[in-house]
Amino acid sequence: MKRIDLILSEREVNRVCKAITKAGAQGYSVMRHVTGLGLSGEISEAMDFSGLGANAHVIVFVDDDLLAAVGAAVRPLLKRYGGVGFVSTAEPL
Amino acid sequence: MKRIDLILSEREVNRVCKAITKAGAQGYSVMRHVTGLGLSGEISEAMDFSGLGANAHVIVFVDDDLLAAVGAAVRPLLKRYGGVGFVSTAEPL
Amino acid sequence: MKRIDLILSEREVNRVCKAITKAGAQGYSVMRHVTGLGLSGEISEAMDFSGLGANAHVIVFVDDDLLAAVGAAVRPLLKRYGGVGFVSTAEPL
Amino acid sequence: MQSSLVLQNLLSAPVLFFFLGILGVLVGSDLEIPAPLPKLFSLYLLLAIGFKGGMELAHSGLGSQVLLTIGAAVAMSLLVPLTSFLVLRLRLDGANAAAIAASYGSISAVTFITAESFLNVLEVGFDGFMVAALALMESPAIVVGVVLAKLSAVPEESESGGEQDGNGGLRWREVLQEAFLNGSVYLLVGSLVIGWVVATFSPAGLEKMDPFTEKLFYGALCFFLLDMGIVAAQRLRDLQKAGAFLIGFSLLAPPLHALAGLLVSVLLGLSQGNTLLFMVLCASASYIAVPAAMRMTVPQANPSLYISTALGLTFPFNVVIGIPLYMVLTRQFIPVG
Amino acid sequence: MQSSLVLQNLLSAPVLFFFLGILGVLVGSDLEIPAPLPKLFSLYLLLAIGFKGGMELAHSGLGSQVLLTIGAAVAMSLLVPLTSFLVLRLRLDGANAAAIAASYGSISAVTFITAESFLNVLEVGFDGFMVAALALMESPAIVVGVVLAKLSAVPEESESGGEQDGNGGLRWREVLQEAFLNGSVYLLVGSLVIGWVVATFSPAGLEKMDPFTEKLFYGALCFFLLDMGIVAAQRLRDLQKAGAFLIGFSLLAPPLHALAGLLVSVLLGLSQGNTLLFMVLCASASYIAVPAAMRMTVPQANPSLYISTALGLTFPFNVVIGIPLYMVLTRQFIPVG
Amino acid sequence: MQSSLVLQNLLSAPVLFFFLGILGVLVGSDLEIPAPLPKLFSLYLLLAIGFKGGMELAHSGLGSQVLLTIGAAVAMSLLVPLTSFLVLRLRLDGANAAAIAASYGSISAVTFITAESFLNVLEVGFDGFMVAALALMESPAIVVGVVLAKLSAVPEESESGGEQDGNGGLRWREVLQEAFLNGSVYLLVGSLVIGWVVATFSPAGLEKMDPFTEKLFYGALCFFLLDMGIVAAQRLRDLQKAGAFLIGFSLLAPPLHALAGLLVSVLLGLSQGNTLLFMVLCASASYIAVPAAMRMTVPQANPSLYISTALGLTFPFNVVIGIPLYMVLTRQFIPVG
Ligand SMILES: Nc1ncnc2c1ncn2[C@@H]1O[C@H](COP(=O)(O)O)[C@@H](O)[C@H]1O
Ligand SMILES: Nc1ncnc2c1ncn2[C@@H]1O[C@H](COP(=O)(O)O)[C@@H](O)[C@H]1O
Ligand SMILES: Nc1ncnc2c1ncn2[C@@H]1O[C@H](COP(=O)(O)O)[C@@H](O)[C@H]1O
Ligand code: NA
Ligand code: NA
Ligand code: NA
């Protein structure tokens, strides 16, 4: 199986999750309130009161054959709104 | 070493952590407030006020020989209450 | 690429992030409010009101050749203040 | 008269904020009240309602009518889940029927509080001991629900490993803990006792609590109902899965249980205000204590069923239509005090 | 007279707590108000200001001066982004210029609230319908900003996959949703309507809301401004990247827009209090609704630019110097009511 | 008389809610007040106590008795950690002894606030400048603790990499920052100054702050003490590791330090109310500013030791038994003002 880690703005997390499901993934997990540093600078939680939020960390465990579909669904969103994605290998416990 | 990722309801996280320690793991980390999608549907933080909570993400780094014991301790709980578990490979920094 | 997972006290997380950037990493992500068990005992969120905080989980994706530098930057901090670090393999999505 | 009561309820600030929350979800606003802020208001409301109830209990004392009313309330919280279970079992498996039945036997503190606010605006009096009834109705239904679930369960294969007890029987300790020591039950009962103790032994403290527990209450209720509107509306989606039977149940059970409560109130000779509150206790369904307890003790039941019925339909029904409707009935059958 | 007004503002509790927050960051204190506590205060302030405004609107009614003032306010929120865009375009690309222009066309509710507190202390009256102007000025500037960004955009390569619409055009539904159903806009407008309904149909509820929406308000504003001070000071670092042009803009635009507002107020014959609030609406820039909307609809713009100008410079300028300065001007040009 | 004082304290709302929290943990309730809600109440209490103290300081002025009292308070916060260190060193290594000593030299604002509430109920007066003493006693003990830890430290192997200074010496900047700019210290001192400025220069603002800082205070204290009860009870488990010596220390140090405070109060000629507060300042131990500072500056010390003694035993002791006990002594030795 593959483990996909996506880190992107909280504002777009719903959109990304929809894309993931549409691509065929059976599940995902989301952690909000993630801060960090990336190409677009530092992200803190200080603007949380404004509804802008910080980052979210999305984890998706998928079978190997779904990786391409999820990647294709998510990549344009990351390109448009910012955020990063990484893949590693995992097995069911 | 192995890295074990468990995602399950916040309600059972204490029970799972106890099982992990009893199985011999020296440490674990827990992130609460995790939302997500799985076989039992969508989990949000909306019911947090009721004490029902959302999901928790438990990470356990263990030596290879402990994997079986932790798996055996955790699997019945995941089966009974829901939740998923995955294993990957890691090394100490 | 490498994925580095660091888990340490929230109090030192800024210091660790500075060390990571200084070592050449282009980005990192931080999740706060992490509880857990380690060599120095159980860490809960109960003392959060005092400013003591719980743990933070720092994730850094770096190219293989930066691993050594980040490790060298972070290890003394983990040794001095506590905390753990693990490395695994990942690829860009 | 009747329509004016309904309107008066509809146009009150708490109900309007509840609508604002519902509407926000329906039109697609991203308004949200992030965790744990709703928990803050929920804890606050339980603390304040408990403290005030205890305080008034100290004034009214524990006379025979008080004890009778509380006893009848507890009896209702044991009976309602039994009858509900029989009905629900027509279409649902044992675990789900039992969990939903427990929810309807137990109560919703926020519905109760909204009814109190409604009575305050109407200037109809009620007694502090009704809060004791509220507090004591939360737990018994949970125990009944768990017992019903176990009795109707197909014996599972014995589990191995991990768990402490493999005997497959009722884990009584866990069940009682979930029923009686559940955070919301514990805080309500504890605040009730503290309110009683302070009123009895150091009444000087009452006045200093007043701005917090009394003055702030109405506004905090509005804020919390805004969130409840959001959450209830989100739950409406789950109702598709629930199907027509459950939708019917969650809209018919409240008025029927309210009628049963009215009957008991007439027999007990309760005042108009107390009658309304008694009816609301019977009619309301728990979406706080019971789901939290069922998740642990009856994990086979599907949380989205018992939460979406209690919170997505029964709660809005009671808050919007039920309360004024029950008041109309109360006025019909209970003479003015 | 003039310096006494500035001093009176500087030595008021809200502004002092704002300074305390700024100073904390500058001297390196680890004082922080963790999320989502600032959100609690922000939601509370919007709810309370909306409710009170609606209440007062019910008393004042919707006369022609009310409608004229509100209309003029909306017109300003359409004009200001256009003129700002022309200026900003001298140095910035279309997306960034449009996003910053939208921010200055929209308003800052907290600046407005601080101005109200200032008027209260001076015992200068103002009208509840100004809150309606506040509410209606938030959204139009967002729409203008998005249109400007699209018009000045270099046509992008068409995206593929993932997204629903690949036509590259304006996604009107999304834009209007962000503009009008944004959580903060929705809560403010909704509370305004509720305040109006309650004041009109069940005025008994007003008194019960008073401790929450009125009495607590000033203290909660202080608490929130403490956090705003921390956040504004943290934003100051980003200003290096913004450069001298943007720094100049964020300090000169407020008084210029205030002057335009003063002119309109004179034409409309507004009272002193309403004039100050009108000037503050024109002068203030949004760091709540607009950034949240721009992040979604104009993702090419750099958030740290529009947030740091509106929040790091314009907001402190208005709160500390702007408000008393505009009051001095008001007194110069508007006769006492 | 004496037992009535103890009882009066035991039956007050704040102490009862503290018990409710402790009991909840002991009986296994899952009641919890999730982060960051306790932080909200902690920030609020510091802001309110500081603001009110500064306000009253403006009324009382900075006479010689005020300065003497504050000076004596600071002296106690330097002395107590020295004597405590000598005792603790009998059984503990330097780092742990120093960290615990710092905690007992510093103060607990919540204990102080509870003592103020106790005096209010007894209708015994006290002065606003005692809050200045509270504020100034937090930091010196931290500096003393760090110095003691360094002096008694076995020279470590020099660390390499990562850290800025490798010289192994005291990082004074960091220590002073942790001692004086710690969030809780900074907020308390800042609010004190703001209270003083507002009372002096724009007293109209005082009345508007009153509902927030004064009226709400007692209820918010109850809510926070509910959480402190939960946290303190959770800490009791750690005491096993601490052992009999530390348990003895944490129960004997408070009354002894209170006696020293009584002696100083007699010499200074303080009133009954001020004497009780002075004793409480000496007797209480810090579990907010000091742990946060020690974690950074003396990382070799074990946090569970200094937190569990100060929070798990000394705090409950002072709140439940200490305060009325010290009042009994005060009445014995201080004539009614
Ligand atoms: N494939 C997956 N990838 C990531 N997280 C998952 C996945 N499946 C389930 N989860 C998480 O595990 C939780 C419980 O799963 P379940 O018991 O299948 O409903 C879900 O709510 C998700 O947060
Ligand atoms: N084996 C482990 N697996 C996962 N997390 C760990 C592990 N060991 C330690 N941690 C986390 O790292 C924190 C600090 O560890 P320590 O310094 O050993 O007390 C703990 O509180 C845990 O959150
Ligand atoms: N190399 C990295 N390792 C871990 N997290 C990263 C990395 N790069 C970016 N991120 C996270 O992804 C977010 C968005 O990245 P970006 O769009 O590059 O600004 C950042 O705010 C970080 O939280
Ligand atoms: Na019921
Ligand atoms: Na504007
Ligand atoms: Na002390």
Side-chain angles (χ1 to χ4, degrees), chain D residues 4-41 44 48 114 116-123 210-227 229-230 324, chain E residues 34-44 46-48 50-52 54-55 173-174 176-217 219-220 289 292-293 295-296:
Chain D
S4 111
L5 269 185
V6 174
L7 217 67
Q8 202 158 351
N9 189 50
L10 282 182
L11 298 179
S12 71
V15 175
L16 287 169
F17 276 106
F18 184 64
F19 277 129
L20 188 64
I22 291 178
L23 187 69
V25 175
L26 297 184
V27 300
S29 168
D30 66 352
L31 176 64
E32 57 156 8
I33 304 188
L37 300 181
K39 177 102 185 185
L40 172 66
F41 287 91
Y44 164 77
T114 312
E116 279 196 352
S117 295
F118 181 69
L119 290 173
N120 278 331
V121 171
L122 292 184
E123 302 190 344
D210 188 69
F212 188 72
T213 50
E214 182 69 45
K215 296 271 189 304
L216 221 58
F217 196 75
Y218 197 75
L221 175 62
C222 289
F223 204 109
F224 189 60
L225 281 175
L226 174 64
D227 182 62
I230 297 173
Chain E
L37 301 182
K39 179 103 184 184
L40 171 67
F41 286 91
S42 147
L43 290 170
Y44 164 77
L46 291 170
L47 188 156
F51 189 86
K52 290 192 291 178
M55 208 176 95
R173 220 182 134 244
E174 188 190 77
L176 294 177
Q177 181 148 334
E178 285 293 327
F180 291 96
L181 294 175
N182 184 294
S184 59
V185 176
Y186 180 78
L187 181 58
L188 181 61
V189 174
S191 303
L192 188 88
V193 173
I194 291 178
W196 185 84
V197 170
V198 171
T200 309
F201 297 107
S202 55
L206 293 182
E207 205 188 317
K208 308 190 81 197
M209 285 296 273
D210 188 69
F212 188 72
T213 50
E214 181 70 44
K215 295 272 189 303
L216 220 58
F217 196 74
R295 181 80 181 73
M296 291 296 279

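Order of the sequence lines fixes the chain letters, A, B, ..., with proteins taken first and strands second; residue numbering starts at 1 for each chain.
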Could you grab the distance from atom [atom1] of [X] to atom [atom2] of [Y], nearest 0.5 Å is fine?
| X | Y | atom1 | atom2 | result |
| --- | --- | --- | --- | --- |
| E:Leu43 | D:Phe223 | CG | CZ | 4.5 Å |
| D:Leu16 | E:Phe51 | CG | CZ | 9.0 Å |
| E:Met209 | D:Leu216 | CE | CG | 10.5 Å |
| E:Tyr44 | D:Leu37 | OH | CG | 15.0 Å |

Chain E contact via D:Phe217 - which portion, at a heavy-atom distance below 4.5 Å: neither

Check: E:Leu40 and D:Phe41 side chains under 4.5 Å, non-hydrogen atoms: yes

Test ring-ring contact (aromatic ring centres under 6.0 Å, His included) applied to D:Phe224 - qualifying residues, sequence neighbours left out: B:Phe49

Part of E:Phe180 within contact of chain D (heavy atom distance under 4.5 Å): neither

Segment of E:Ser191 engaging chain D (4.5 angstrom heavy-atom cut-off): both

For the residue pair [X] and [Y], what are the closest heavy atoms and their distance?
| X | Y | answer |
| --- | --- | --- |
| D:Glu32 | E:Lys39 | O-CE, 3.8 Å |
| D:Gly28 | E:Gln177 | O-NE2, 2.9 Å |
| E:Pro36 | D:Ala35 | CG-O, 3.6 Å |

Where at least one partner belongs to residues 19-31 of chain D, residue pairs that pass side chain to side chain donor-acceptor pair (under 3.5 Å), sequence neighbours excluded: A:Arg11-D:Asp30

Sidechain-backbone polar pair: E:Tyr186 side chain, D:Leu31 backbone, donor-acceptor under 3.5 Å: no

Under 3.5 Å donor-acceptor, D:Tyr218 side chain and E:Asp210 backbone: no

